[in-house]
Each structure stands twice: as C-alpha cells, then as structure tokens.
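Within every chain, numbering begins at 1; the chains are lettered A, B, ... in the order of the sequence lines, protein sequences first and strands thereafter.
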Amino acid sequence: MPAHLTLHDTLTRSDREVSPLDGKTLRFYCCGPTVYGPAHIGNFRTFVAQDVMRRVVEASGTPTLHVRNITDVDDKTIRDSLKAGQSLIEFTQGWTAKFHADCDALNLLRPHIEPSAVAHIPHQIAMIEKLIANGHAYAAADGSVYFRVSSYKDYGKLSHLEDRELRLGASEAASATDSDEYTKDSLTDFALWKARKSEDGENFWPSPWGEGRPGWHLECSAMILEYLGEDFDLHSGGVDLIFPHHENEIAQSCCSTHGKFAHHWMHVAHLMVDGGKMSKSIGNLYTLEDLAKRGYSAAEVRYVLISGHYSAPLNFTMHSLDSARQALQKLAKADKALDRGSALLPTNPGPFAEAWETLLKDLNIPGALGAIFGTLNKLKPAALTSDEAASTRGGLHFMLLALGVTLPPVAEDSTTEVPADIQALAQQRWDAKQAKDWAKADILRKELDAAGWIIKDSKDGFVVLAK
RNA sequence: GGCGAGGUAGCAAAGUGGUAAUGCACUGGUCUGCAAAACCGGUAUGCGCGGGUUCAAUUCCCGCCCUCGCCUCCA
C-alpha cells in the first residue's frame, strides 16, 4: 500500500505529500491540552483529526513517531490549582488522567511520547541561554526573559502577518496597560521566561535570571528539540495556534538550532456549535461527559467530529449526533451481512479503493465515508458470495481502522435485558396476534411502545428491543 | 482595519469546466393483518448575490453581501 497522503501545508499554502525525512518513520508533533479542566469536543476535533492522519499514514505502511505534550504549567493551571487547594502536580495529574480516559473513549491512539512541560524545565532554560547568547533574547529588569522579535527576519512567515500589522494588533491597548508588560523592549516581544509573581504561589523554579516559570511557547520548542530534533516531518494543532503560538515556536527553534523545524504544518479548523462559536457563557460548550448524560457514546461523538473536512469549520448539533448514530448502525449492519464466519483480514482497501484514494487526498474523511457507503450500496453485501463477502469485509475494516471508527453492536443483537413484565406483555401480544385478535395485539404493542420497547415480528416469533 | 476559513437540498457534508457523492430526515413500493425491521426506488433544473470569460460555470476571473476564526499565551 504506497504512501501517498497529501496534506495542505499552512506555511506554503499548498497540498504536499507527507513523507518521512529519514525515509522510514514519520515524526510529528501535536500541541497537547492544557490540563486545567475537562477537554471539550472542540479540543477533541483537533486530536481526532490528528489521530486519523496518523492512522492513515500507518495504514499506508509508514510507521510514525507521535509526540504530544501535556501543558501542565501556565497561568490557568497555576491559578486553578491554587483555587482547588492542590499542588500543581496533583491538580494537573488529575486532569491529565481525565484527558487520557476521554482519549481512550474516543479511540485515539496514544502518542508514543507524551512529555510534560514541568518535567522539561532544564531543557527550556538551556534553550533560553542559547537564544540569549545568539542575541535573540534578553533578560528584563524584573527577571523575565523575552524573545526579541525584531531579531528574526522571518517572523510572521507562517501566519503571514507583517511586522506593521503585528504592532497595530487590536490587543495592543490591552497589553500596554498591563503593568508587567512595561519591561519589554517592544510590544511584539514575547516571554520565554516569566519572573516569579506573588500569585504564582509556590510554583516557581530557579533559573540564571532568578526564580520564575517558563513561557508557554517555549515549552513546545524545547520538548520538540528533545524528542524530534532540529528537523522533523510535521507539526499540527488548532488554527488558533497559528498565531502567536506556532509563529513563536518557529522563532525560538530556528534561532537556537540550525534546523528548519517543522517541514509541514497541519492546522485543524474549529468546531462550531449550532452555527456559532462555542463558549461557556452561551452554554454550548460540551464535554464527552455532557454528551454521555444525553445518551451519546464517544464513538458517536467521534463520528460527528470526522464528518467534516478538517480544514473547514464544522457545525455541531444534537441532530448530527442522531445522524451519526444511524450511520454507524448502517455500517454495523453491513458488516454483519458481510460476516460469513471467515477470518477478518483488514490488510488492504479491497473494493473500497475509491474511498482510500479519497482519504489520501488531503485527508478527505467525509469524502471517504461517502465513498464507503456508495460502494456498499452498489455491492449489496447480502448478495455476495462468501469469498466476495470476506474480501469486502476485510476492505471495510481496513477503512474503519484507518478512520478509527468502531462499530456498535447491531441494535437487534443488543444485549439489553428485557424485564420479565415486558417480555410477558410481548408474549400476550404474540398470542393475540396468532389468534388474529388484531385489536388486542395493537393495544398491547402501543403499551409496549409507551414503555420504550419495540416489537419486531418475523414468521416464527418476535423480538423485543429497547427503543 | 489586517490576515485566514467558509456560504451546496429540511439538517449535515463531499465534489467537479460539461450538467450535483454520501449520511440523517422525508417519501413511494415490496413485505406485513396493520406496523417495525429489511430490501428496491424517489427527493437540489440547483450549488450566497451581481457581472465577466467560455460552445459550456456551481466549478475560472472581478465586484458585493453574510458567517466564523485569529490579530500576544484559546484546539
């Protein structure tokens, strides 16, 4: 299975083939979560898109090295840990565990390396020292260290922001009134090291510039250098990270090493809710737990999250979850019809070549899903011979593995236990039906329906299913 | 104001210089006592608006309108 995945590259604004620099392993980095609360489904849209990217690369025969950090030291983690009366470590470990549980529920492959920012402070300090030595950074009077943006001519290359536009940024006014920003030489300079403040509590570390803590942007640069080196294949995150986060990472890394840093940039567009942006104040910010309370599984959430192209905003609604549930059922039924008992061999796309080709073209997941259904509709699973069914099922599962889609049990195979009284009512209805007492049978069926149960008749009997 | 993304059927969402995948919903038929399920069909003369190029545009070009994101620590 040749690797031909192409992805849009934010830096060059073109679709480029994704292939490993070393010819063997695709090494990539994803900006991970800030662990100060449960991640919401918008966060997960990005992680799911990255997961499918990885799965597709691996399915095409190229191993990967997936690095995703945990941001466990920043304003929010410090603020909220103090509020919770916990140590920073204790606090962030709790939320990291929750994040992992959610990731597992969403069928996200665990990164091969998941570095923690607090565990890499020496690496960060080393990088700052290099930047100061190179003339790209300076220590301010208060003990903070800043990156001198004017010292790096390519600054703004990724986000395509000109120097002039940076200065005229809308937030300039807000920054200028921030007292601790006075120490910077230029408003566009950003912090590499933040001097200890009283509101940080006990969360500070020693450094050549005094006690303090690392800046957010630097954490990623330092960990990338440690695990992926000066040059690596691909860097990914949400679109909102393009500026300033990724722009700053490029500046820090390229000014402290001789490498080019990431050779490919993949950015995932935002998830919208009911046509607008998610926000706590509107009350449309959902976590997996919120949706579980409404009866939706993580697999259904995942399906919704992959139902739009990663580069375009995706509108999330409750109806889209219902739609996902039905679509998954349809796939599960097709799978069941294809299962004639032979061993499952998901080694190639088989008859789903069109879906696979589509997927390789800038990770067109919705297009691929459409092609999968289109192929199934054409093939008519139930009509295939055993051999055809086996190869079709292998192909189907090859695609499902690449997409990370897990099939639910087919509704009629549901293991939900039917209460004795319901079963008794259903039996009464069957008896009435056999006696051709349609009126009584219909009344009983309505009763069952009202109680949340559906009857499915066949020639020889009936089954009771939860609604 | 600058930069970027997007506007395709009731909802969601692919795609293409030659006449619109797919999922949900809806709907006709077969089946059924009637249903449900399953199976077989149907459903955008139309792709934000107005021009232009072309034999042909939803797809290319120009202008406009609307939505969303970013503009110093938000996936």
With the side chain of [X] defined as its heavy atoms from C-beta on, choose the nearest nucleotide among [options].
X	options	result
N43(A)	A25(B), A75(B), U22(B)	A75(B)
I454(A)	A25(B), G6(B), A36(B)	A36(B)
S307(A)	G23(B), G6(B), A12(B)	A12(B)
W438(A)	C74(B), C11(B), G33(B)	G33(B)
A441(A)	G10(B), A75(B), G33(B)	G33(B)
P366(A)	A14(B), C71(B), A25(B)	A14(B)
R13(A)	A75(B), G15(B), C3(B)	C3(B)
H319(A)	C11(B), C68(B), G41(B)	C11(B)
K456(A)	G33(B), A14(B), A36(B)	A36(B)

Rounded to whole angstrom units, what separation is found between the CG atom of N248(A) and the C1' atom of C74(B)?
14 Å

Short side-chain N/O contact from [X] to OP1 or OP2 of [N], under 4.0 Å:
X	N	answer
K76(A)	C74(B)	yes
N364(A)	G15(B)	yes
K330(A)	C24(B)	yes
K333(A)	C39(B)	no
N377(A)	G23(B)	yes
R445(A)	C34(B)	no

Taking the nucleotide of RNA chain B with the nearest heavy atom to each, does S458(A) or P313(A) sit closer to the 5' end?
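Going by which nucleotide is closer to the 5' end, it is P313(A).
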
Want to settle it: does F190(A) or A371(A) sit nearer the 5' end of RNA chain B, counting the closest nucleotide to each?
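Here A371(A) is the residue nearer the 5' end.
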
Rounding to an integer number of angstrom, what distance separates [N] and [M] when you compare their [atom1] atoms?
N	M	atom1	result
C40(B)	U45(B)	C1'	26 Å
A56(B)	U19(B)	C1'	9 Å
U59(B)	C47(B)	C1'	9 Å

Quick one: ring-ring contact (aromatic ring centres under 6.0 Å, His included) partners of F44(A), sequence neighbours excluded?
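Scan of F44(A) (ring-ring contact (aromatic ring centres under 6.0 Å, His included), adjacent residues dropped) gives F99(A).
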
For W205(A), give me all partners under ring-ring contact (aromatic ring centres under 6.0 Å, His included), at least two apart in sequence or on another chain.
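Here no residue qualifies.
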
D431(A): what forms a side chain to side chain donor-acceptor pair (under 3.5 Å) with it, not counting sequence neighbours?
Q427(A)

Plane angle bin for H235(A) and W265(A) - parallel if under 30°, tilted between 30 and 60°, otherwise perpendicular:
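Parallel: the ring planes of W265(A) and H235(A) meet at under 30°.
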
Which of residues 424-435 of chain A sit near RNA chain B, with a heavy atom under 4.0 Å from it?
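Heavy-atom cutoff 4.0 Å gives R429(A), K433(A).
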
Could you tell me whether [X] contacts a base, only the sugar-phosphate backbone, or nothing, with contacts defined as non-hydrogen atoms closer than 4.0 Å?
X	answer
S311(A)	sugar-phosphate
G370(A)	base
M318(A)	nothing

Could you tell me whether the side chain of D442(A) has a donor or acceptor atom within less than 3.5 Å of a complementary atom in the base of G33(B)?
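Such a pair is found, so the answer is yes.
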
For RNA chain B, what is the dot-bracket line, given that a base pair needs Watson-Crick (N1 to N3, plus N6-O4 or O6-N4) or G-U wobble (N1-O2 and O6-N3) geometry with both distances under 3.5 Å, and | means paired with another strand?
(((((((..(((.....[...))).(((((.......))))).....(((((..]....))))))))))))....

Using the side chain to side chain contact (heavy atoms under 4.5 Å, CB included) criterion, which residues pair with S81(A)? Sequence neighbours excluded.
L88(A), F91(A), N203(A)

